[in-house]
Amino acid sequence: MAAEPTRLPEALASFALRHLGPGAGPAVERLRSAHPEADAATLRSLVISRGRRRVVAEGAFVGGPFLVFIPVAFCGALLSQVRTVLEIAATEGRDPTDPERAAELLVLQGVYEDTSKARAALDAHSAAPRTRPGRGRTSRLWDLVMRMARLLGLLTPSGGEQTSRLSRVGQWVLVACVFLVGLVAPLVWLPYMAVSYNRATTRMMDRAVVFYAGSPYLRSPRRVRVDPSMVAAGLRALASLLLPLGGLLVVAATDTRIAGGQWPVAGIVLTASCLLTGGWWLWRRHRRRREPPP
């Protein structure tokens with residue numbers, strides 16, 4: 001994908017069908033066996049809830065100072081999002097390994113207007129020769145990241161409506177502020193990206209349910225729910241502020257200097273605290289994923 005970012009949607013759909021499609025059906029069957037009393041709507045709700053948590057967890061990997069891993073996190077969240085769509089299709093009796101599912105994915109992601117155009121694009125992608133990229137690595141990586149963000153729905157207006165220029169400017173200013181604060185308090189990315197992934201995935205699942213089941217995924221918009229995972233992400237982000245701020249207070253209180261100034265010491269403290277908090281998060285996440293399920 002990094003070599004040919006313009007073919008990202010087709011490459012992702014083909015990859016997901018080959019590698020995620022065979023597991024979507026058995027996953028739904030296991031869920032149905034665990035909840036034998038669940039009807040079709042309840043089963044879809046369970047699939048969507050589990051899939052949304054999975055997407056948010058993969059997307060929250062951008063938390064921490066390791067911004068170079070953003071493409072990896074985006075790709076993981078995209079695959080989790082696609083896997084959930086395949087599972088929704090399986091709940092409606094569709095074969096998740098059928099090539100038609102790849103075309104439907106492209107339609108649901110808004111890449112093409114109908115499945116006939118999507119199938120033609122997938123056929124052309126399969127037959128096209130792989131060429132060496134002609135641009136620089138940084139330019140291709142940026143193109144890839146922006147395309148993944150659009151596929152995820154992170155850069156798509158809510159509900160598909162057009163937004164004003166002032167609203168779009170405000171959104172980019174917010175992203176820039178979160179980015180700058182995240183350099184000092186890395187885990188501040190967690191709640192911000194968790195909310196963004198949750199909102200984008202909800203829109204995607206709504207479209208998938210309407211497409212496969214013919215009815216919207218019913219939620220209760222008037223009832224406000226507190227998601228424990230969102231609260232935990234917010235607390236982690238708040239806690240991550242303590243280490244760099246505490247380090248800066250120690251530098252100021254002790255009047256520690258390097259080469260006659262405190263700025264080099266402050267820079268070292270901020271960098272070290274970012275690496276420590278981000279490294280702790282990565283180690284904790286890695287440890288949890290290695291633990292056997294209960």
Side-chain angles (χ1 to χ4, degrees), residues 1 7-62 69 71-111 115 118-119 121-123 125-126 148 151-153 194 197-198 200-213 217 229 285-294:
M1 291 189 296
R7 297 180 179 179
L8 169 65
E10 294 82 2
L12 187 71
S14 300
F15 178 89
L17 191 70
R18 293 193 308 269
H19 295 275
L20 302 181
V28 171
E29 290 303 319
R30 289 192 297 270
L31 194 61
R32 184 180 283 114
S33 299
H35 302 273
E37 75 288 351
D39 57 11
T42 304
L43 189 64
R44 284 198 305 271
S45 179
L46 291 171
V47 167
I48 291 172
S49 298
R50 183 178 64 178
R52 187 163 48 226
R53 289 194 300 268
R54 189 166 54 218
V55 173
V56 171
E58 291 295 333
F61 185 62
V62 298
F69 289 152
V72 179
F74 277 9
C75 193
L78 267 173
L79 292 175
S80 296
Q81 201 177 72
V82 167
R83 176 181 173 181
T84 306
V85 172
L86 293 175
E87 290 179 356
I88 292 175
T91 61
E92 299 303 317
R94 309 284 185 97
D95 181 5
T97 62
D98 190 322
E100 188 70 13
R101 300 293 87 79
E104 293 166 356
L105 284 172
L106 294 177
V107 173
L108 291 173
Q109 289 174 332
V111 181
T115 54
R119 282 195 299 270
L122 287 168
D123 293 339
H125 169 71
S126 300
M148 285 195 288
L151 284 183
L152 277 167
Y197 279 108
N198 186 68
T201 303
T202 298
R203 294 198 300 263
M204 178 69 168
M205 296 307 109
D206 284 343
R207 294 195 298 269
V209 171
V210 171
F211 186 91
Y212 289 114
Y217 171 46
S229 62
R285 181 176 182 273
H286 178 71
R287 182 183 176 184
R288 283 188 172 183
R289 296 187 66 172
R290 290 178 62 89
E291 291 178 354

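Of all the heavy atoms in A103 and A118, the pair that sits closest is O-CB, 3.5 Å. Here the shortest heavy-atom pairing between L86 and A16 reads CD1-O, 4.0 Å. Annotation for R32 and T91: closest pair NH2-O, 4.2 Å, computed over non-hydrogen atoms.
For the residue pair E104/Y212, the side-chain donor-acceptor check at 3.5 Å is satisfied.
Counting heavy atoms from C-beta on, the side chains of H35 and L43 never come closer than 4.5 Å. Side-chain contact between L12 and L79: present, with at least one pair of heavy atoms (C-beta onward) separated by less than 4.5 Å. Considering only heavy atoms from C-beta on, P96 stays 4.5 Å or farther from E87 through its side chain.
Taken from CD in Q109 to CZ in R207, the straight-line distance is 8.5 Å, to the nearest 0.5 Å. Here N198 contributes atom CG and R53 contributes atom CZ; the two are 11.0 Å apart, rounded to the nearest 0.5 Å. If you take CG on D123 and CD on E10, they are separated by 11.0 Å, rounding to the nearest 0.5 Å. In this structure, CG in L108 is found 10.5 Å from OG1 in T115, a value given to the nearest 0.5 Å. One finds the CG atom of L78 at 7.0 Å from the CG atom of L8 (value rounded to the nearest 0.5 Å). In this structure, CZ on R101 lies 12.5 Å from CG on L106, to the nearest 0.5 angstrom.
A salt bridge links R119 with E100; the closest basic N to acidic carboxylate O contact falls under 4.0 Å.
In terms of modelled atom types and a separation under 3.5 Å, the side chain of S49 and the main chain of L46 share no donor-acceptor contact.
When R50, Q81, R83 are each tested for a side-chain contact (heavy atoms from CB on, under 4.5 Å) with V55, only one passes: Q81.
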